[in-house]
Amino acid sequence: MGRFDGRVALVTGGASGIGAATVRRLRKEGARVAIGDLPTSAGAALAEEVGGWDGGAMFEAVDVAELDQVERLVAATVERLGRLDVLVNNAGIGSFGETPDVDPAQWHRVIAVDLHSVFYG
């Protein structure tokens with residue numbers, strides 16, 4: 001028995017890096033997992049990889065900076081996997097450069113992805 005048997009987890013930013021490692025670990029521990037990330041083939045491939053015999057993983061393309069998309073992701077998780085027990089707010093981006101050179105639009109995007117998305121979740 002795994003620590004997450006019977007549980008459903010949602011991992012934002014789950015298609016790569018720390019998020020993908022978290023998805024793999026949660027599956028090994030028995031959880032069914034929803035992967036939320038920007039639309040790429042990596043998210044769908046990871047869901048297929050870890051889905052196993054029970055289809056216990058799904059991918060949903062989402063921009064976590066948009067409240068309506070986060071709400072849609074949560075609803076899709078509950079609809080397809082039956083419930084939601086664990087949320088891993090992992091999605092994040094960065095912007096590098098000197099402060100006077102940072103484009104305000106990029107600054108707002110970083111804040112939306114790194115901060116607002118946690119609140120939306």
Side-chain angles (χ1 to χ4, degrees):
M1 284 186 55
R3 293 184 294 172
F4 290 93
D5 282 346
R7 302 279 191 245
V8 173
L10 166 58
V11 181
T12 66
S16 64
I18 293 169
T22 302
V23 166
R24 288 182 178 101
R25 182 57 186 248
L26 285 164
R27 283 295 289 154
K28 285 181 183 176
E29 293 286 347
R32 290 176 289 146
V33 181
I35 302 162
D37 212 319
L38 292 173
T40 66
S41 58
L46 180 60
E48 187 174 320
E49 171 195 327
V50 301
W53 62 269
D54 66 351
M58 61 173 268
F59 170 71
E60 187 80 19
V62 63
D63 180 347
V64 295
E66 301 295 331
L67 175 59
D68 62 326
Q69 291 190 38
V70 174
E71 289 174 337
R72 181 180 47 78
L73 172 62
V74 170
T77 300
V78 172
E79 181 180 323
R80 290 170 61 188
L81 299 179
R83 58 192 284 169
L84 179 57
D85 301 295
V86 178
L87 172 61
V88 180
N89 275 312
N90 174 72
I93 61 172
S95 179
F96 302 97
E98 296 188 23
T99 303
D101 300 328
V102 173
D103 175 18
Q106 181 61 25
W107 171 255
H108 288 283
R109 178 75 180 153
V110 169
I111 294 300
V113 171
D114 293 355
L115 185 59
H116 296 322
S117 69
V118 173
F119 174 76
Y120 297 159

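The analysis underlying the following values was restricted to heavy atoms, covering all of them including side chains, and did not include hydrogens, waters or symmetry mates.
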Novice: I'd like to check the side-chain contact (heavy atoms from CB on, under 4.5 Å) partners of Ser117; sequence neighbours left out, ordered by chain and number.
Specialist: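 side-chain contact (heavy atoms from CB on, under 4.5 Å) check on Ser117 returns Val64.
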Novice: With a 4.5 Å cut-off on side-chain heavy atoms, are Val74 and Gln69 touching?
Specialist: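 SC-SC contact between Gln69 and Val74 ruled out.
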Novice: Could I get the full list of side-chain contact (heavy atoms from CB on, under 4.5 Å) partners for Val86, not counting sequence neighbours?
Specialist: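 Counting only residues at least two positions away or on another chain, Val86 forms a side-chain contact (heavy atoms from CB on, under 4.5 Å) with Phe4, Ala9, Val88.
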Novice: Where do Thr77 and Ala34 come nearest, in terms of heavy atoms and distance?
Specialist: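 Shortest heavy-atom separation between Thr77 and Ala34 comes out as OG1-CB, 3.3 Å.
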Novice: Answer with yes or no whether the hydrophobic clustering places Val113 together with Val110; edges join I, L, V, M, F, W, Y residues whose side-chain heavy atoms lie under 4.5 Å apart.
Specialist: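 Yes, because Val113 and Val110 connect within a single hydrophobic cluster, where side-chain heavy atoms sit under 4.5 Å apart.
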Novice: Which atom pair, heavy atoms only, marks the closest approach of Ala112 to Ala65?
Specialist: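 Smallest interatomic distance, heavy atoms only, reads CB-CB, 3.6 Å.
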Novice: Where do Ala47 and Ala57 come nearest, in terms of heavy atoms and distance?
Specialist: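 Taking Ala47 first and Ala57 second, the nearest heavy atoms are O-CB, 3.6 Å.
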Novice: Could you list all the side chain to side chain donor-acceptor pair (under 3.5 Å) pairs where at least one residue sits in residues 82-100, not counting sequence neighbours?
Specialist: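 Sorted result for residues 82-100: Arg83-Asp85.
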Novice: Check salt bridge (Lys or Arg N to Asp or Glu O under 4.0 Å) between Glu49 and all other residues, then give those that pass, not counting sequence neighbours.
Specialist: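 By the salt bridge (Lys or Arg N to Asp or Glu O under 4.0 Å) rule, Glu49 matches Arg24.
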Novice: Enter the distance from Met58:CE to Leu46:CG here, rounded to the nearest 0.5 Å.
Specialist: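 Nearest 0.5 Å value for the CE-CG distance: 12.5 Å.
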Novice: Verify the cluster assignment for Leu10 and Leu38: are they in a single hydrophobic cluster under the rule of side-chain heavy atoms below 4.5 Å apart?
Specialist: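 No, because Leu10 and Leu38 fall into different hydrophobic clusters, even though each may have its own neighbours under 4.5 Å.
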Novice: Output yes when a side-chain donor or acceptor of Glu60 lies under 3.5 Å from a complementary backbone atom of Leu73, and no otherwise.
Specialist: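 Such a contact is absent between Glu60 side chain and Leu73 backbone.
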Novice: Taking everything shown except Glu48 itself, do over 12 heavy atoms lie less than 6.0 Å from its CD?
Specialist: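 No - once you tally the heavy atoms of other residues, nucleotides and ligands closer than 6.0 Å, there are 12 at most.
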Novice: Provide the closest heavy-atom pair for Ala42 versus Ala15 in the form atom of the first, atom of the second, distance.
Specialist: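 Taking Ala42 first and Ala15 second, the nearest heavy atoms are CB-O, 4.0 Å.
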Novice: Using the side-chain contact (heavy atoms from CB on, under 4.5 Å) criterion, which residues pair with Asp68? Sequence neighbours excluded.
Specialist: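 In terms of side-chain contact (heavy atoms from CB on, under 4.5 Å), with neighbours along the sequence ignored, Asp68 is linked to Glu66.
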Novice: Measuring from Arg32:CZ to Leu26:CG, what's the distance to the nearest 0.5 Å?
Specialist: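 Output value for this atom pair is 13.0 Å.
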Novice: Going by the rule salt bridge (Lys or Arg N to Asp or Glu O under 4.0 Å), which residues pair with Asp63 if we only count those two or more places apart in sequence or in a different chain?
Specialist: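 Applying salt bridge (Lys or Arg N to Asp or Glu O under 4.0 Å) to Asp63 gives Arg109.
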Novice: Can you name the residues that form a salt bridge (Lys or Arg N to Asp or Glu O under 4.0 Å) with Arg7, not counting sequence neighbours?
Specialist: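 Not a single residue meets the salt bridge (Lys or Arg N to Asp or Glu O under 4.0 Å) criterion with Arg7.
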Novice: CZ of Arg25: more than 12 outside heavy atoms within 6.0 angstrom?
Specialist: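 At most 12 heavy atoms, drawn from other residues, nucleotides or ligands, come within 6.0 Å of this atom.
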Novice: Are Phe96 and Ile93 grouped together when hydrophobic residues (ILVMFWY) are joined by side-chain heavy atoms under 4.5 angstrom apart?
Specialist: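 Cluster IDs for Phe96 and Ile93 differ.
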Novice: Are Val70 and Leu84 linked, directly or through intermediate hydrophobic residues, by side-chain heavy-atom contacts shorter than 4.5 Å (ILVMFWY only)?
Specialist: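 Yes, same cluster.
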Novice: Using the test side-chain contact (heavy atoms from CB on, under 4.5 Å), find all partners of Ala75 that sit at least two apart in sequence or belong to another chain.
Specialist: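 With sequence neighbours excluded, Ala75 shows a side-chain contact (heavy atoms from CB on, under 4.5 Å) to no residue whatsoever.
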Novice: Show your working on side-chain contact (heavy atoms from CB on, under 4.5 Å) between Val11 and Ile35 and close with a plain yes or no.
Specialist: CA-CA 5 Å; Val11 181; Ile35 302 162; 5.7 Å; no
Novice: Mind checking who shares a hydrophobic cluster with Trp107, ILVMFWY linked at side-chain heavy-atom distances under 4.5 Å?
Specialist: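 Answer for Trp107: Val102, Ile111, Leu115.
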Novice: Enumerate the side chain to side chain donor-acceptor pair (under 3.5 Å) contacts for residues 33-47, please, sequence neighbours excluded, ordered by first and then second residue.
Specialist: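 Qualifying pairs, neighbours excluded: none.
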Novice: As a quick check of understanding, evaluate side-chain contact (heavy atoms from CB on, under 4.5 Å) for Thr12 and Val62, giving each step before the final call.
Specialist: CA-CA 9 Å; Thr12 66; Val62 63; 5.8 Å; no
Novice: Run the numbers on Asp54 and Arg27 for salt bridge (charged side-chain N to carboxylate O under 4.0 Å, His left out), then give the verdict.
Specialist: CA-CA 11 Å; Asp54 66 351; Arg27 283 295 289 154; 2.8 Å; yes
